[in-house]
Amino acid sequence: MANLNNTKQNTRSPKTNSPLYATGGRMLPHDKDIEEAVLGALMLEKDAYSNVCDILKPESFYEPSNQIIYEAIQSLGAAQQPIDMLTVVEKLRQMDKIDSVGGPLFISELTSRVASGAHIEYHARIIAQKYLARELIRFSTEVESKAFDESNDVDDLMQEAEGKLFEISQRNVKKDVTQIDPVIKQAMDQIEAASNRKSGLSGLESGYDDIDKVTSGWQNSDLVIIAARPAMGKTAFVLSMAKNMAVNFNTPIAVFSLEMSNLQLVNRLICNVCEIEGEKVKSGSLTDKEWDKLNSRIKSLYSSPLYIDDSANLSIFELRTKARRLVREHNVKMIIIDYLQLMNASGMKFGSREQEVSMISRSLKQLAKELNIPIIALSQLNRSVENRTDGKIPQLSDLRESGAIEQDADIVCFIHRPEYYLKSDKDAQGNDIRGLAQFIIAKHRSGAVGDVKLRFRNQFARFENWKDGDNPQSSEGIVTIGSSLNSDVNTSNPFENSNPMSGGSADLTSDSNDAPF
């Protein structure tokens, strides 16, 4: 690293057109001596570039001439060519920019001003910090200028400002490597905590026993995608689950509904909890017995740690801000989003809607990791499901608008109700499918995949454990399970022709093509 104490008296660098002052007459943050010392050290030390290549970019330098020199160094480094005074001069000649940086004499002077490259990484971080400071000044000046223009819509300006600020913040997101010992201790603590729980789960209980057996509960930092075609009941499922978790287990849950108002959601919850048909709740035409049931059961919803946000045009940046506040102020343990495709990334420009959805999906995964909570996002499936003749079972390729959703998610699940498509009480094998819902776990990054049977009670918009209530066939809830960690599981599957992961067979073996990871 360049030792600034041994820097010799520098000669005048080439003239530049750098804007020295920001609005208000104050000088923009920069340090010319450190920039030149870092460039000199890069040409002296053999491995110096590898220490700073992920910290610095050409635009990190304030002086345009220094930007050009670093660009030449970067080109040499990318081509794995030697970096020294002679190779840099030759590269600048090839770029036809040697004269614009002051000629070979100025390059030689850069190397003569430093004694060693002992602290190059530390000094590179100073340059990077000053670059970020300049970016923030530029950003705030631009926002200020637009705010004074009364022709701009303030809401649009806030969305744009939030998007650009997010871009700037992402440039500085760096995480150092961690030695394995503290991570092992954290894993052991988690295992011990799970062993002390009556449920034996390491994550959050969903209230659906067979789903929890497969997932071990919803895990912190996981992004879970639950997808379905319209009318399959995905909103009813997450509301039923939110009620289970918030009311039965007192787990703080936040629901962001972009499609329905908070009043509509609460009416659905009332139907769910009180077991009163939705039409009666909307019309108020309840019998005396139903009024008694309503007044007695609705008490469980009061004071429950369930938080609802029904912002219709929610951006990923607004979600981040609200989610952090919910976790900080209300200790929220899980966030549900209904649904992903209705979100936007206002303030950022994309070539297509698919790119925007990809960015939203990636940001949700980053937010789950940052807050260390599970995030469950509902997603639409494309219409290709309707054209299928194999029972219209959803597949990973049906995820709408972006393959990045499948890539970013830790778990991808589908909800499928055979009764809806078959228009019959029985399937081809004569099995009673009244109220049957298949919860298909199609991707599970750290565990099993397979189908779970749930019971859907349409009149109350409620999902229940399959073994609860009247069961016309079997009480077995897990239809088939395969594991990414142990793939020699082979269980019988009464819906073997309907399993999208098995291609018509219940045998999930070690063939890597069968594992959607």
Side-chain angles (χ1 to χ4, degrees), residues 1-5 7 10 12-42 48-74 77 101 110 113-114 117-149 152 157-176 316-318 320-321 324 345-349 359 363 366-367 370:
M1 168 62 193
N3 188 338
L4 298 186
N5 292 328
T7 303
N10 36 337
R12 200 175 185 86
S13 63
K15 291 183 179 180
T16 65
N17 296 319
S18 300
L20 292 175
Y21 299 96
T23 303
R26 288 179 292 182
M27 185 173 290
L28 291 171
H30 71 285
D31 193 314
K32 178 182 173 184
D33 289 336
I34 288 184
E35 286 188 8
E36 294 181 354
V38 166
L39 292 174
L42 284 169
Y49 178 73
S50 62
N51 293 329
V52 302
C53 61
D54 61 338
I55 301 173
L56 297 177
K57 300 175 291 184
E59 56 265 34
S60 302
F61 292 83
Y62 179 75
E63 295 285 346
S65 58
N66 292 341
Q67 293 179 9
I68 295 170
I69 295 170
Y70 186 76
E71 185 181 347
I73 292 172
Q74 191 179 54
V101 301
L110 288 177
R113 293 174 194 160
V114 292
H119 306 104
I120 190 167
E121 186 174 347
Y122 177 79
H123 289 155
R125 293 192 186 279
I126 293 176
I127 294 173
Q129 288 295 312
K130 292 185 180 296
Y131 165 66
L132 278 175
R134 293 196 301 272
E135 284 292 280
L136 286 172
I137 292 169
R138 179 194 58 76
F139 159 75
S140 59
T141 302
E142 184 179 329
V143 171
E144 180 185 37
S145 175
K146 289 184 176 181
F148 274 111
D149 186 350
N152 289 322
L157 181 58
M158 288 178 65
Q159 291 282 332
E160 181 183 352
E162 197 167 10
K164 290 186 177 179
L165 185 60
F166 176 74
E167 279 188 275
I168 294 172
S169 67
Q170 289 300 101
R171 296 175 195 170
N172 201 38
V173 175
K174 302 287 181 185
K175 189 171 183 180
D176 293 332
I316 185 63
F317 314 112
E318 288 178 299
R320 292 173 70 93
T321 302
R324 288 178 182 133
S346 297
M348 299 181 69
K349 294 181 179 178
M359 185 271 178
S363 297
Q366 291 171 348
L367 184 61
E370 176 192 331

side-chain contact (heavy atoms from CB on, under 4.5 Å) with [X]: which residues, sequence neighbours excluded?
X    : result
L136 : L165, I168
P29  : K130, A133, R134, I137
Q67  : F61
E142 : R138, K146, E160, K164

Can you find a pair of side-chain heavy atoms, one from [X] and one from [Y], that are under 4.5 Å apart?
X   : Y    : answer
I69 : L110 : yes
E63 : E36  : no
V38 : L56  : yes

For [X] and [Y], which heavy atoms make the closest approach, and how far apart are they?
X    : Y   : answer
D31  : I34 : OD1-N, 3.1 Å
I127 : S60 : CG2-O, 3.4 Å
E35  : N66 : OE1-ND2, 2.9 Å

To the nearest 0.5 Å, what is the distance between [atom1] ([X]) and [atom2] ([Y])?
X    : Y    : atom1 : atom2 : result
I316 : L367 : CD1   : CG    : 6.5 Å
E370 : R324 : CD    : CZ    : 4.0 Å
E135 : Y131 : CD    : OH    : 4.0 Å

Given I73, which partner from the list L42, V52, I68 fulfils the side-chain contact (heavy atoms from CB on, under 4.5 Å) test?
L42
Check side chain to side chain donor-acceptor pair (under 3.5 Å) between S140 and all other residues, then give those that pass, not counting sequence neighbours.
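So S140 forms no side chain to side chain donor-acceptor pair (under 3.5 Å) with any residue.
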In chain order, what residues pass the side chain to side chain donor-acceptor pair (under 3.5 Å) check against E59, with sequence neighbours excluded?
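For E59, no residue satisfies side chain to side chain donor-acceptor pair (under 3.5 Å) once neighbours in sequence are set aside.
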